[in-house]
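Down below is the structure, laid out as structure tokens.
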Amino acid sequence: MARVARWNGQTQGSYAFSVAQHSLIVTDIVHALQPEYAQNELLAALLHDAPEYVIGDLISPFKTAIGLDYKAFEHKLLQAIYCRFGIRELSLSAAGAIKQADTVAAYYEATRLAGFEKSEAETFFEIPNLPTELHNALAVLKPVSASDAQTLFLAKFAELLPH
């Protein structure tokens, strides 16, 4: 996932913004907004885009245009990944919190890396309401190298993986 580019690779910075780095941000947002969530929910957040390891990161308009039920296929693949890594079934609120964190992350990515104006991003993504420390960190978001993203992702994965 560290070598799969989000935003179809069309981001600013010295490196492509990876799905691995995005997944770490989503996990941080889930943890900040839902501090009571346990290892299971945080690992699910970290792996929420894991199907993209297999099928790549297709932009949402393209997913709609290809005509088949892409979301259902992606969901089946995600369930297989969750099963493989021992992630128990998520509550509707936990699944919703991961989706919310995903759209908040997309807001920061859009405005910091993908060239969206703030007003434009607010029409597509959830307006963030994060703790100040996390907001400040995301306000200066920059892509890291694939190697660094991989190292950070694997460290968080090892931390969250049930033993």
Taking side chain to side chain donor-acceptor pair (under 3.5 Å) as the definition, give me every residue that meets it alongside Thr151, ordered by chain and number, with sequence neighbours left out. none

Might you point out which heavy atoms bring Ile29 and Ala105 nearest each other, and give the distance in Å? CD1-N, 3.8 Å

Distance only, no hydrogens: is a donor on one side chain within 3.5 Å (strictly under) of an acceptor on the other, for Ser147 and Ser145? no

Point-to-point distance, once rounded to the nearest 0.5 Å, from CG of Leu154 to CG of Leu46: 9.5 Å

Go through the structure and list residues passing side chain to side chain donor-acceptor pair (under 3.5 Å) with Asp28, not counting sequence neighbours. none

Contacts of Arg3 meeting side chain to side chain donor-acceptor pair (under 3.5 Å) (sequence neighbours excluded), chain-then-number -> Gln150

Could you work out, with ring-ring contact (aromatic ring centres under 6.0 Å, His included) as the rule, every residue matching Phe124, not counting sequence neighbours? none

Would you compute the distance between atom OH of Tyr37 and atom CD1 of Ile98 and round it to the nearest 0.5 angstrom? 7.5 Å

Distance (rounded to the nearest 0.5 Å) between Leu47 CG and Phe85 CZ: 6.5 Å

Please tell me if the side chains of Leu138 and Val104 come closer than 4.5 Å, counting only heavy atoms from C-beta onward. no

Going by the rule salt bridge (charged side-chain N to carboxylate O under 4.0 Å, His left out), which residues pair with Lys76 if we only count those two or more places apart in sequence or in a different chain? none

What pairs with Glu109 under salt bridge (charged side-chain N to carboxylate O under 4.0 Å, His left out), at least two apart in sequence or on another chain? Arg6

Considering all heavy atoms, the nearest Ala45-Thr27 contact: C-OG1, 3.6 Å

Tell me, which pairs form a side-chain hydrogen bond (donor to acceptor under 3.5 Å, both in side chains) where one or both residues lie in residues 10-21, sequence neighbours left out? none

Side chain to side chain, Asp49 and Val4, heavy atoms closer than 4.5 Å: no

Can you give me the closest heavy-atom contact between Ala110 and Ala121, atom names plus distance? CB-CB, 4.3 Å

What side-chain donor-acceptor pairs closer than 3.5 Å can you find for residues 125-137, not counting sequence neighbours?
unit_1 : atom_1 : unit_2 : atom_2 : d
Glu126 : OE2    : Gln100 : NE2    : 2.8
His135 : ND1    : Tyr108 : OH     : 2.6
Asn136 : ND2    : Thr132 : O      : 3.4

Which pair of heavy atoms, one from Ala16 and one from Pro143, lies closest together, and at what distance? O-CB, 3.7 Å

Do you reckon Phe157 sits in the same ILVMFWY cluster as Leu24, going by side-chain contacts under 4.5 Å, direct or chained? yes

Gln34: partners by side chain to side chain donor-acceptor pair (under 3.5 Å), with sequence neighbours left out: none

Got a sec, which pairs hit side-chain hydrogen bond (donor to acceptor under 3.5 Å, both in side chains) with one end in residues 110-122, sequence neighbours left out? none

Once rounded to the nearest 0.5 Å, what's the spacing between atom CG of Asn40 and atom CG of Leu90? 6.0 Å

Heavy-atom closest contact (Tyr53 atom, Met1 atom, distance): CB-CG, 3.8 Å

Would Leu141 and Phe17 satisfy side-chain contact (heavy atoms from CB on, under 4.5 Å), going step by step from the backbone distance to the final call? CA-CA 10 Å; Leu141 181 61; Phe17 185 71; 4.1 Å; yes

Pairing residues for Tyr107 by the ring-ring contact (aromatic ring centres under 6.0 Å, His included) criterion, not counting sequence neighbours: none

Non-neighbouring partners of Glu159 that pass salt bridge (charged side-chain N to carboxylate O under 4.0 Å, His left out), sequence neighbours left out: Lys156

Output for pair (Ile87 CD1, Leu160 CG), nearest 0.5 Å, gives 9.0 Å

Which atom of Val30 lies closest to which atom of Ala97, heavy atoms considered: CG2-O, 3.9 Å

Any side-chain heavy atom of His22 sitting closer than 4.5 Å to one from Phe153? no

Please round to the nearest 0.5 Å and tell me the distance separating atom NZ of Lys99 and atom CG of Leu92. 15.0 Å

Is Val144 linked to Trp7 within one hydrophobic cluster, defined over Ile, Leu, Val, Met, Phe, Trp and Tyr using a side-chain heavy-atom separation of less than 4.5 Å? no

